[in-house]
Each structure stands twice: as C-alpha cells, then as structure tokens.
Amino acid sequence: MEAVYLGVENYGAEEVNKDTKDSFSYRFMINEKEKTLKIDNGIANEEGEYPYPIQNCLKEGYTYEIHIEDGIVTASEEKESVDTEEYQPPVKGTPGERTLKNFLSTALMPVGTTLYVYGGGWDWQDVGSAIQTRTIGISEDWVRFFREQDENYTYRDKNGDETLKDAANSYYPYGGYNEYYYAGLDCSGYVGWILYNITNTKSGQDGYVMSSTKTAKTLAQNGWGEWTQEVEKPTDFANSEFYPGDIFSIKGHVWICVGTCEDGSILILHSTAADSRTGQPGGGPELSAIGEDENCDAYRLADSYMSKYFPEWYTRYPIALKEYEKYTAIDGEYTGKFTWSLTGENGGLTDPDHYRSMTPEGILEDIFSDFIEN
C-alpha cells in the first residue's frame, strides 16, 4: 500500500516524548485521506530497548510502500523520488582512503548544502548513528531539506528566543527523540559521517556518531592519535600546536582544524547553528574562523571559499567568527585536542601530500584545484 509519511501524532505535545515513544501513533496519507497507525518497534534487546527499524527509515513528506497488519505498520520501503536533482559537491573524497588530504576533502563535501539539525545524524531514538551517517557519500535527504528551506530556517526557536518556542512546528527534538534525524547534521553527526566515509567503502556498517564532548579523547583511546588538554594560543603559523585535521572537543561541541594561518588565526570546519543573514539560528557544516576580528586571515579565507564555491549557502549565512577562548575551553575530563597519528598504523592516517606542513590557504588551494582540473 502506498502512503506518505506525515509524522508522529500530536508531535510537540509534552506527553509525546522519549518515555512514551513505545506507544506512539503515526500519521500517514493513504488514498488522499489521513490515517493514524501504530508502527512495529522491532524486537527488544536484553535491556528492553527497541531498535525502531521502521522509525529509523521514515522521513516526513516521503512516499513509502507500507505493509499493515491489524493496524500496525510492519514493513516499509521508500519509493524513489522523481523530482530529486542530484547534487555534485565541488570537492569529493574517496571512500576508505585514510589520508589527511582525504579526511579534509571528505569533510568539505557536505559544506554549503546541509543544514544544522540538533540530533541530525543520530538515530531516531538518539543512541547511535543514523542510516545517513552510515552511508557513503552525501545524503540526498540533506540536500532536499536544504533546498526546501531558506534564510529564515531555524533549527529551534524563531530569532533564537526561547519565549517563542513552538514545539509542534519545530525541528528541535523537544520530546527527546529525533524526528528529523535524516534532515541534516549536528556537530557530532557531521564528524561521525566523515569518519565513516574515510574508514569504509560501503554503507550500512557500524557508525562513529558519538558525544561531541567525548569525541577527541575517544579517538585517541582508539589508538588513532594523541589527545591533550595542554594547548597554547598560536601567535603565527610557525608557532602553533593546531594542525590540519586536528579534532577539538569542547563542552557540547566538536570542530575540525583545517590549519593555522600566518597571523595565528585558525580556519575550522564544523556543523554549527550559526545565525542567518536574517538572524535565524540555522547554519550547518561550514568553514569558519577562530580569530580576533573579520580582518584575520582565517576569516578572509573562509569568506573567499564559501562565497565562491557555495554561493547559495553564502546568500543565507555570513561567515561565523569564533573566539579562541571559548572554542578551546577545557571543561572536564574529556574536552581537549586530538591530533592524528600519521604513520598509518593502528587506524591513524598517512600524509603523502605533506598537509601537516602546509597553511590552510595552501591546503584549500590544493583540494579545490583537483576539482577544477578534473
């Protein structure tokens, strides 16, 4: 039976939350009539936790072939969209290639076409990786959602004002489950997708989405590199402990270092809920700067590349400028900086392109020139 998924019944109501999700009802459009159905939650594990296999595939506004037994949806299969225009990113990574260049190239792929969604990239029940972050390449779901929005999109409350909370119409998971897990990426979902794509050549394997605060230390514990809480503010390129590919966890956020500029400012990649040009907190994966002001090298570099290669994004979002003290704050036992091992052993990377010794300007020029030449 063909049906369009319309979402959780009474979405946004206080009683419709993570504690009651096992008994949710769901809305479908079938034969031009709305119908409310239950969904099979799957088989519970020893701890009594359900996997929610169907909920982790359903996306609002998408069409499915569903199977119903006694008012319960027991299976669903997404029908191919006929109006999806394939997106070709200006930079392409190579699945499964564990080099520093490929790590940064892969990180640039969702930039400019994926929006920030809190819980985006996590699964529906908010405990692990969504299908999209266990998939090779950019998800068409992210592109579709980006194209459906404009500069007035907000990931949570209008104008960033909590008094304007509208849970029934918000993409924010006020109920503690990720109804819009598929639509975009939060900071940890973004890093998890990158890690998946440089360590796998096919979709559907175990994912890497984890707590943003714990990411840097966890990667070091995997044996992939070194972690430290001892960092000093760089004065210039030659005197910097922030290297290309470094992953920095602060409380509630994780970001990737592209490198330190000649003036000591730092160019970064991250998925951030940055304000749009109309003042709405939206954002997503982007190049941003850590520096003193908009005259710093990192800001000018981010502005140059975002405006040139991601013009649709740039018309919605200005470059985000972040303060060094806030973006390198050490708070607790997990926050800190992870630096990749470049020996190629124990899950680390290699650096045949010598990116570790290059400025961010040289790195971006090299990455984007490959696209232009090819």
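Looking at C296 and L321, their side chains come closer than 4.5 Å, going by heavy atoms from C-beta outward. Contact annotation: the side chain of F146 approaches that of E312 to within less than 4.5 Å [non-hydrogen atoms, C-beta and beyond]. Under the 4.5 Å side-chain criterion, counting only non-hydrogen atoms from C-beta, D186 is not in contact with V117. I198 places a side-chain heavy atom less than 4.5 Å from the side chain of F103. Proximity of M109 to W193: side-chain heavy atoms (C-beta onward) are separated by under 4.5 Å at one or more points. The side-chain heavy atoms of M306 and V111, taken from C-beta on, include a pair separated by under 4.5 Å. The shortest side-chain heavy-atom distance between V73 and L58 does not fall under the 4.5 Å cut-off. Counting heavy atoms from C-beta on, the side chains of D366 and Y355 come closer than 4.5 Å.
At a threshold of 4.0 Å, the pair E34-R27 counts as salt-bridged, since one of the basic side-chain nitrogens sits closer than that to a carboxylate oxygen. Note on K337 versus D246: salt bridge recorded, some NZ/NE/NH1/NH2 to OD/OE distance being below 4.0 Å. With respect to K233 and E292, a salt bridge is recorded, a charged nitrogen being found less than 4.0 Å from a carboxylate O.
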Could you go through E262 and T359, starting from their C-alpha distance and side-chain angles, then the distance that decides it, and tell me whether this counts as side chain to side chain contact (heavy atoms under 4.5 Å, CB included)? CA-CA 8 Å; E262 295 289 357; T359 64; 3.7 Å; yes
Go through it in stages, so that I can follow the logic: the residues are S212 and S188, the test is side chain to side chain donor-acceptor pair (under 3.5 Å), and I'd like the CA-CA distance, side-chain angles, deciding distance and then a yes or no. CA-CA 5 Å; S212 58; S188 52; 5.3 Å; no
As a quick check of understanding, evaluate side chain to side chain contact (heavy atoms under 4.5 Å, CB included) for I68 and M1, giving each step before the final call. CA-CA 8 Å; I68 305 172; M1 178 180 297; 3.9 Å; yes
Walk me through whether V258 and L287 qualify under side chain to side chain contact (heavy atoms under 4.5 Å, CB included). CA-CA 9 Å; V258 180; L287 285 164; 4.2 Å; yes
Apply side chain to side chain contact (heavy atoms under 4.5 Å, CB included) to I194 and L269, showing your working. CA-CA 11 Å; I194 300 166; L269 281 161; over 6 Å; no
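For the residue pair Y26/Q55, the side-chain donor-acceptor check at 3.5 Å is satisfied. Between N152 and T278, the side chains place a donor N or O and an acceptor N or O closer than 3.5 Å (distance only, hydrogens not considered). In the model, H270 has a side-chain atom that pairs as donor or acceptor with a side-chain atom of S288 under 3.5 Å.
Hydrophobic clustering of Ile, Leu, Val, Met, Phe, Trp and Tyr side chains at less than 4.5 Å, counting indirect connections, keeps Y243 apart from I247. Put simply, I256 and F310 are part of the same group of oily side chains (I, L, V, M, F, W, Y) that touch within less than 4.5 Å, one to the next. In the hydrophobic clustering of ILVMFWY residues, with side-chain heavy atoms under 4.5 Å counting as a link, L108 and Y314 come out together. The hydrophobic cluster containing L100 also contains L195, counting ILVMFWY residues as joined when their side-chain heavy atoms lie under 4.5 angstrom apart, directly or transitively. Placement of L349 and W255 in two distinct hydrophobic clusters is found when ILVMFWY residues are connected by side-chain heavy-atom separations under 4.5 Å, directly or transitively.
For an aromatic pair to be called close, the ring centres must be under 6.0 Å apart, and F24 with Y177 satisfies this. Aromatic ring centres of Y153 and F145 lie closer together than 6.0 Å. Taking the six-membered ring for Trp and the full ring otherwise, the centers of H253 and Y327 sit less than 6.0 Å from each other. Checked against the 6.0 Å centroid criterion, the rings of Y155 and Y171 do not qualify as a close aromatic pair.
Looking at residues two or more places apart in sequence or on another chain, you find a side-chain contact (heavy atoms from CB on, under 4.5 Å) between K251 and D331.
Interatomic distance, CG of D157 versus CG of L164, reported as 7.0 Å (0.5 Å rounding). Interatomic distance, N41 CG to Y52 OH, rounded to the nearest 0.5 Å: 5.5 Å. Put simply, CZ on R144 and CD on Q149 are 11.5 Å apart, with the number rounded to the nearest 0.5 Å. With rounding to the nearest 0.5 Å, the separation of CH2 in W227 from OH in Y334 is 9.5 Å. Remark: M210 CE to S249 OG distance equals 9.0 Å, nearest 0.5 Å. Distance check: Y309 OH to L364 CG gives 9.0 Å after rounding to the nearest 0.5 Å.
Counting only distance, with no hydrogens or angles, the side chain of S23 and the backbone of T20 share a donor-acceptor pair below 3.5 Å. A donor-acceptor distance shorter than 3.5 angstrom exists from the side chain of Y196 to the backbone of Q205, with no hydrogens or angles considered. The backbone N or O of C261 lies less than 3.5 Å from no partner atom in the side chain of S265, so there is not a single donor-acceptor pair. Distance alone, capped at 3.5 Å, is enough to place a donor-acceptor pair between the T213 side chain and the G252 backbone. With S170 contributing its side chain and Y172 its backbone, the two residues share a donor-acceptor pair below 3.5 Å.
Tested against Y317 for a side chain to side chain contact (heavy atoms under 4.5 Å, CB included), the candidates D275, T272, L115 yield a single pass: L115.
Within a 6.0 Å sphere centred on CG of N45, other residues, nucleotides and ligands contribute more than 12 heavy atoms. The environment of CG in D293 is crowded: more than 12 heavy-atom neighbours from other residues, nucleotides or ligands sit within 6.0 Å. Counting non-hydrogen atoms of neighbouring residues, nucleotides and ligands closer than 6.0 angstrom, the CD atom of E47 exceeds 12 such neighbours. Within 6.0 Å of CD in E151 there are more than 12 heavy atoms belonging to other residues, nucleotides or ligands. Around CD of E65, the count of heavy atoms belonging to other residues, nucleotides or ligands within 6.0 Å exceeds 12.
For the pair K165 and Y174, the cation sits on the ring face: its NZ or CZ lies under 6.0 Å from the ring centre, inside 45° of the axis. For the pair R147 and Y87, the NZ or CZ position fails the cation-pi test of under 6.0 Å to the six-membered ring centre and within 45 degrees of the ring normal.
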Ignoring hydrogens and angles, write down the donor-acceptor pairs under 3.5 Å from the side chains of residues 124-138, residues two or more places apart or on other chains.
residue: W124; atom: NE1; partner: E179; partner atom: OE1; Å: 3.3
residue: Q125; atom: OE1; partner: N56; partner atom: ND2; Å: 2.9
residue: Q125; atom: NE2; partner: P51; partner atom: O; Å: 3.3
residue: D126; atom: OD1; partner: N178; partner atom: ND2; Å: 3.1
residue: S129; atom: OG; partner: Y208; partner atom: N; Å: 3.4
residue: S129; atom: OG; partner: V209; partner atom: N; Å: 3.1
residue: Q132; atom: NE2; partner: D141; partner atom: OD2; Å: 2.9
residue: T133; atom: OG1; partner: G121; partner atom: O; Å: 2.7
residue: T133; atom: OG1; partner: A130; partner atom: N; Å: 3.2
residue: T133; atom: OG1; partner: A130; partner atom: O; Å: 3.1
residue: R134; atom: NE; partner: S129; partner atom: O; Å: 3.4
residue: T135; atom: OG1; partner: I131; partner atom: O; Å: 2.6

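Ring geometry for W340 versus F338: interplanar angle over 60°, hence perpendicular rather than tilted (30 to 60°). Note on ring orientation: taking the six-membered ring where Trp is involved, the planes of F368 and Y305 are tilted (angle from 30° to 60°).
Annotation: side chain to side chain donor-acceptor pair (under 3.5 Å) contacts involving residues 109-118, sequence neighbours excluded, are absent.
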